[in-house]
Amino acid sequence: MKGYLMDWPIVVGLVNYQGYGIDQVFRNLYGLGAEYVEVDYIKTPLGVVNEYGLTHLNESDLQKPKDFFQLLNQYQLKALTFSGHVKLSIEEDVELFLKKMEFAKKIGAKYITTGEGPAEKRQEIFKHIQSGLKRKRETWTCWFALKPKCPIP
């Protein structure tokens with residue numbers, strides 16, 4: 001909440017507001033005094049019926065970071081984290097993840113979260129992480145957090 005000194009900020013995940021438009025969510029969070037949000041773009045499974053599914057952004061939104069940043073500013077919110085879950089064991093998903101990283105950077109996020117993939121794909125996962133980060137290293141220093149399903153040594 002604004003005005004309180006905290007070592008660890010409280011970040012409100014937008015995924016908690018499934019089915020609500022982003023403008024409405026931001027307006028409500030602003031009214032509650034929230035400061036930090038976790039923006040989400042998670043590909044939804046087939047059969048999701050509502051307009052937003054499990055996410056508030058889609059791939060075309062990744063081309064409009066300035067618009068999204070202005071909306072954050074309008075409601076005095078900051079994107080501290082970005083929920084960009086993909087399977088890092090799948091090469092095409094890594095390409096999408098890199099686009100998400102670039103978007104996250106442009107909206108001011110410091111952290112990006114993702115999944116990784118099954119344990120038997122461990123080598124592919126680390127290969128994709130290394131190659132993707134090499135390409136982004138020149139433009140952005142960030143932290144990204146894996147939510148592992150397999151043990152990582």
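In terms of heavy-atom proximity, Leu88 sits nearest to Val94 at O-CG2, 3.6 Å. Scanning all heavy atoms of the two residues, the minimum distance from Gly84 to Phe97 falls at O-CD1, 3.4 Å. The two residues Ala79 and Ile107 make their nearest non-hydrogen contact at CB-CD1, 3.8 Å. Scanning all heavy atoms of the two residues, the minimum distance from Val11 to Glu38 falls at CG1-N, 3.5 Å. Between Ser89 and Glu124, the closest heavy-atom pair is O-CB, 4.2 Å. Phe68 and Phe26 get closest at one heavy-atom pair: CZ-CZ, 3.7 Å.
Of the inter-residue distances, the one linking Lys106 atom NZ with Lys66 atom NZ reads 8.0 Å to the nearest 0.5 angstrom. For the atom pair Glu35 CD and Leu77 CG, the distance stands at 8.5 Å (nearest 0.5 Å). For the atom pair CG (Leu57) and NZ (Lys64), the distance works out to 9.5 Å, reported to the nearest 0.5 Å. In this structure, NZ on Lys110 lies 10.0 Å from OH on Tyr36, to the nearest 0.5 angstrom. Distance CD1/Ile112 to OG1/Thr81: 9.5 Å, rounded to 0.5 Å. Taking CG from Asp40 and NZ from Lys100, the interatomic distance works out to 9.5 Å, rounded to the nearest 0.5 Å.
Here Val12 pairs with Tyr17, Leu29, Ala34 under the side-chain contact (heavy atoms from CB on, under 4.5 Å) rule; sequence neighbours left out. Among residues two or more places apart in sequence or in another chain, the side-chain contact (heavy atoms from CB on, under 4.5 Å) test is passed with Gln24 by Tyr20, Arg27, Asn28. Remark: Asn73 pairs with no residue by the side-chain hydrogen bond (donor to acceptor under 3.5 Å, both in side chains) rule, at least two apart or across chains.
Under the 6.0 Å cut-off for aromatic ring centres, Tyr41 and Phe103 do not qualify, their centroids lying 6.0 Å or more apart.
Side-chain contact between Leu80 and Lys78 is absent, with no heavy atoms from C-beta onward closer than 4.5 Å.
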